[in-house]
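The next block holds one structure in the form of structure tokens; read it before the comments.
Computed over heavy atoms, backbone and side chain alike; hydrogens, waters and symmetry mates excluded. Lettering of chains follows the sequences in order, A, B, ..., and the numbering in each one begins at 1.
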Amino acid sequence: MVWPETFMNKAFALIDCNCFYVSCERIFRADIRTRPTIVLSNNDGCAIARSPEAKSLGIKMGEPYFKIKKLHEQKKLQVFSANFALYTNISKRFSNIISSLAPRVEVYSIDETFADLTGLNNLTDLGLRIHAKILDELKIPTCVGIAPTKVLAKLANKLAKKSSKSNVINLIDSKHLELALKMTAIEDVWGIGRASSEKLKLLGIETALDFKNFDNDLIIQRLLSKVGLAIKKELQGISCFDLEYAADRKKSIMCSRTFAQDIYEKSALKEIVANFTSDVACELRRQKSLCKEISIYARANRFNDKLIQHKSFEKITLINPTSNTFTLISKALELVDKMYQDGLSYKKIGVQITNFFDNDNYQVDFFYPYDTNRDEKVMKTLDQINLFEGKDKLKSLACGLNRKSWSMNRNFKSPAYLTSWDELFNFG
DNA sequence: TCTGGGGTCCTAGGACCC
DNA sequence: TCTGGGGTCCTAGGACCC
């Protein structure tokens, strides 16, 4: 197929790691490279990464651990608790390797990076080089999809994942494009989720090809909004989504956990909220922002119908934006006072901050002027100490002295090979 | 017994204003 | 009894992503 003149020049690659978390664990464990292996979510709740061998055993994405425990006990399955410190570290190395071979990249997620290859030659070769270098230096297998739009690059990547032969699929000027679109179910198109695909199926659209050829844009716009329309254009080879570089400044930051046990005491709730608030505030300062809103939420164990099911939520808007841990903790604790109800059980708890301003570009409230310099100095000192002396060396007393009383299950964690001096991997 | 966490974007509808 | 129309801003909630 020949692309319209105006879009001929665009080229995107999507490089995606195969079962990333499992692959990270396997870097240090040559003995399990062909064993069925999974990585569990926080609290050892459910499977969030599966090796091909584990998929063959019939383990689904999101499958709760208690359903596969037996396989684990029979030693037919290797199981790890999530070790996000390790995965984040490997992820940075992964995107750095791509940057060394492609000039413009967008780190899209922990295991996926887009590269803008516009204007470069021999793209399939380049894709193969990227794949080989990551495998060589990191021992992480990847797939590469190349196409004139991001949606098509995603689609090409998915096909490469399914293929047993090709790690790189290039759809630019490909005579197989129609077939590729036909092979892709509508719900597998990037940006078309369950709700949208159900609507499209009512129109008789079953595949990416059907969608691309559907000739009524008004209906698509009404059903799927303007985003749906953009996705359709991308399938036609018309690029609507560019690389997004400035993605590192978040617009909201949250921290939430599901705990191993139900929590009933207000004091425990406060301690948890204080800790979560410390974490989000630290992240907020790292990206040099201030926030003007903080909210907390909590709910009971939704799988236990003997408990009163509730979704509790409280939010407060601050007079002056801040990133001061202590200010935010005191506000968050006020919210706990408002939210807490005696007798309710709390299993999942979260803190979220929103409504961000740049550190050096915001308006102090006229009636409540506020010395931000002092704030900044105190927080800088706190961050420095925690950076060099270890996380949580210096913290608010509200955070409690140990986290033992409310914990997460993490029974199958691998060592912190790369992020702790005590657990460094011995390459000898 | 045991079922994750962290984001973004879009839209409809309400509040408010003139 | 009659009871507009248009605009903006904000928020809650849905949908999607990994």
Side-chain angles (χ1 to χ4, degrees), chain A residues 14 16-21 38-49 59-70 72-73 79-84 87-88 91 106-114 150-151 154 157-158 186-200 221-231 240-241 244 246-262 276 279-280 283-284 287 292-293 295 297 299-307 311 313 315 317 347-356 408-412:
Chain A
L14 175 68
D16 188 325
C17 301
N18 301 353
C19 53
F20 181 58
Y21 300 158
I38 61 168
V39 172
L40 296 174
S41 63
N42 271 333
N43 208 30
D44 291 343
C46 58
I48 52 171
I59 297 170
K60 301 269 181 301
M61 188 70 174
E63 185 113 38
Y65 175 65
F66 70 89
K67 288 192 179 170
I68 40 185
K69 198 173 173 185
K70 210 158 209 171
H72 185 202
E73 284 166 351
V79 175
F80 290 97
S81 300
N83 182 352
F84 288 108
Y87 311 150
T88 306
S91 174
E106 169 194 343
V107 177
Y108 176 69
S109 76
I110 194 162
D111 69 335
E112 283 171 78
T113 290
F114 280 104
K150 285 170 106 176
V151 168
K154 269 295 244 202
N157 187 289
K158 271 210 171 176
I186 186 62
E187 61 268 25
D188 289 338
V189 173
W190 188 38
I192 305 291
R194 229 183 66 188
S196 298
S197 60
E198 271 166 25
K199 288 181 201 164
L200 293 178
Q221 162 120 31
R222 226 182 51 222
L223 288 181
L224 311 188
S225 84
K226 61 183 186 187
V227 179
L229 213 52
I231 293 169
C240 300
F241 305 128
E244 288 174 29
D248 53 350
R249 266 205 179 182
K250 295 171 194 162
K251 296 172 181 172
S252 70
I253 297 171
M254 64 196 259
C255 179
S256 71
R257 292 285 179 283
T258 301
F259 292 98
Q261 69 275 27
D262 298 309
F276 288 3
D279 287 357
V280 295
E283 181 69 14
L284 184 67
Q287 71 163 34
K292 218 182 160 180
E293 260 177 3
S295 56
Y297 72 90
R299 64 182 304 173
N301 181 354
R302 63 196 166 112
F303 298 104
N304 184 346
D305 50 20
K306 292 196 181 77
L307 296 173
K311 282 186 185 171
F313 178 83
K315 183 163 92 171
T317 302
K347 174 89 167 172
K348 180 173 182 178
I349 296 161
V351 171
Q352 183 175 32
I353 48 177
T354 45
N355 205 344
F356 291 174
M408 244 175 18
N409 287 328
R410 253 189 134 186
N411 295 324
F412 321 113

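- A 4.5 Å side-chain heavy-atom check between A:Leu224 and A:Leu200 finds at least one atom pair inside the cut-off.
- Residue A:Lys60 is out of contact with every strand shown, counting any heavy-atom pair closer than 4.0 Å.
- Residue A:Lys67 is classed as having no contact, given no heavy-atom separation below 4.0 Å to the nucleic acid.
- Within the 4.0 angstrom heavy-atom criterion, no nucleotide atom of any strand lies near A:Leu40.
- Between A:His72 and A:Phe412, the ring planes are perpendicular. Angles over 60° get that label, and only those under 30° would be called parallel.
- Under the 3.5 Å distance criterion, the side-chain polar atoms of A:Asp44 are matched with a main-chain donor or acceptor of A:Asn411.
- Between A:Phe114 and A:Phe241, the ring centre distance reaches or exceeds 6.0 Å.
- In terms of modelled atom types and a separation under 3.5 Å, the side chain of A:Gln287 and the main chain of A:Lys250 share a donor-acceptor contact.
- Along DNA chain B, the nucleotide closest to A:Val227 and the one closest to A:Phe84 are compared, and the more 5′ of them pairs with A:Phe84.
- Side-chain polar atoms of A:Asp111 and A:Ser109 form a donor-acceptor pair below 3.5 angstrom.
- At the heavy-atom level, A:Tyr65 lies nowhere under 4.0 Å from the strands shown.
- For A:Lys348, the side chain to side chain contact (heavy atoms under 4.5 Å, CB included) partners at least two apart in sequence or on another chain are A:Ser256, A:Thr258, A:Tyr297, A:Arg299.
- A donor-acceptor pair is defined here as one N or O able to donate and one able to accept, closer than 3.5 Å; such a pair exists between the side chain of A:Thr88 and the backbone of A:Phe84.
- Comparing the local axis fitted to the first five base pairs of the helix from B:dG5-C:dC18 to B:dC18-C:dG5 with the one fitted to its last five gives a bend of 10°, rounded to 10°.
- Using a 4.0 Å heavy-atom cutoff across all strands shown, A:Lys154 reaches sugar-phosphate atoms only and no base atom.
- Of the P atoms belonging to C:dT3 and B:dC17, the separation is 24 Å, rounded to the nearest Å.
- When heavy atoms are screened at a 4.0 angstrom cut-off, A:Gln352 is found touching no nucleic acid atom at all.
- When DNA chain C is scanned 5' to 3' for any atom under 4.0 Å from a heavy atom of chain A, the first and last hits are C:dA12 to C:dC18.
- A donor-acceptor pair under 3.5 Å links the side-chain atoms of A:Glu106 to the main chain of A:Glu244, judged by distance alone.
- Here the separation of C:dC18 from B:dC2, taken at their C1' atoms, is 25 Å to the nearest Å.
- Within the 4.0 angstrom heavy-atom criterion, only backbone atoms of the sugar-phosphate kind lie near A:Ile253; the bases stay farther away.
- Across all strands shown, A:Asn409 has no heavy atoms under 4.0 Å from either base or sugar-phosphate atoms.
- Across the interface with DNA chain B, nearest-nucleotide mapping of A:Tyr297 and A:Lys347 shows A:Lys347 to be the residue nearer the 5′ end.
- A:Val189 comes within contact range of the sugar-phosphate backbone alone, with a heavy-atom separation under 4.0 Å but no base atom that close.
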